[in-house]
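Below, chains carry the letters A, B, ... as their sequence lines are ordered, and counting in each starts from 1.
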Protein chains: 2
Amino acid sequence: MKTALGEFIKLRRRQAGLTQEELAYKAGVGLRFIRDMEQGKESLRLDKVNQVLGLFNHEAGPVLKINTGHES
Amino acid sequence: MKTALGEFIKLRRRQAGLTQEELAYKAGVGLRFIRDMEQGKESLRLDKVNQVLGLFNHEAGPVLKINTGHES
DNA sequence: TTTGATTATACCAGAAAGGGTATAAATTTG
DNA sequence: CAAATTTATACCCTTTCTGGTATAATCAAA
């Protein structure tokens, strides 16, 4: 699966020139967590997600859903 | 603690005239989860959070952190 | 205040996430 | 292509979240 949060982190991490391992260390989470997150795992824990987002001055918040429009 | 997600849900739920129990049922999560979320629990599971936000056409996404400015 | 409804807190059991490690696959570099 | 780095997948163990139930506290209405 592909999630907004996962894509966001993958992009920002690369822009920062970090490996998953380095990001994990900086964020204080396990390497496996970064992997799961970037790959779009849905059932992550919110506090861990926020630990990672915090490195980029972001946090998880409510955003309007895009019209996932099964375009005709 | 107070979180953006918790406050958002509490507000929207009340605007919709729903009890925590009704919201829990509609979202397909336990009542305890709604309580925890509205009270700002940090370590919720993201998929459950999204189940709830989905009822209001929202989802958890990366948002810029407000300058939590320890105002001088 | 009294009653009824809603919300908060505590305990238990089951399920699953997170971390670590090992290995495989993929990507990059020379 | 070969070597090295980075990323992906699988297994085990510990931790803890979630849901359910019960009870207390809070709030609203009469």
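- Among the heavy atoms of the strands lying under 4.0 Å from R13(B) are primed sugar atoms or P, OP1, OP2 only; no base atom is included.
- Residue L31(B) is out of contact with every strand shown, counting any heavy-atom pair closer than 4.0 Å.
- With rounding to whole Å, R32(A) atom CZ is found 17 Å from dT6(D) atom C1'.
- Of the candidates V29(A), D36(A), L31(A), F33(A) forms a side-chain contact (heavy atoms from CB on, under 4.5 Å) with just one, namely V29(A).
- Between E21(B) and F33(A), the one whose closest nucleotide on DNA chain C sits nearer the 5' end is E21(B).
- Taking atom CZ of residue R35(B) and atom C1' of nucleotide dC11(C), one finds them 15 Å apart after rounding to whole Å.
- At the phosphate of dT5(D), neither OP1 nor OP2 sits under 4.0 Å from any side-chain N or O atom of Q20(A).
- The number of heavy atoms from other shown groups lying within 6.0 Å of NZ (K10(B)) is above 12.
- In summary, of the residues considered (L53(B), I9(B), N57(B), N50(B)), a side-chain contact (heavy atoms from CB on, under 4.5 Å) with P62(A) occurs for L53(B) alone.
- Residue Q39(B) places none of its side-chain N or O atoms closer than 4.0 Å to OP1 or OP2 of dT7(C).
- Rounded to a whole Å, the CG atom of D36(B) is 10 Å from the C1' atom of dA8(C).
- Distance, L23(A) CG to dT7(D) P: 10 Å, rounded to whole Å.
- At least one side-chain nitrogen or oxygen of K48(A) sits closer than 4.0 Å to the OP1 or OP2 atom of dG19(C).
- The aromatic rings of H58(A) and F8(A) are tilted relative to each other, their planes meeting at an angle between 30° and 60°.
- The interatomic distance linking E22(A) (CD) with dT6(D) (P) rounds to 7 Å, in whole Å.
- For S43(A), no side-chain nitrogen or oxygen approaches OP1 or OP2 of dA16(C) to under 4.0 Å.
- At whole-Å resolution of the value, CG in L46(B) and P in dC17(D) are 15 Å apart.
- Summarising the geometry, the separation between CD1 on I34(A) and C1' on dG20(C) is reported as 15 Å, rounded to the nearest angstrom.
- Not a single donor-acceptor pair, N or O on each side, falls under 3.5 Å between the base of dA17(C) and the side chain of R45(A).
- No more than 12 heavy atoms of other residues, nucleotides or ligands sit less than 6.0 Å from atom CD of E21(B).
- Between M37(A) atom CE and dG19(C) atom P the separation is 12 Å, expressed in whole Å.
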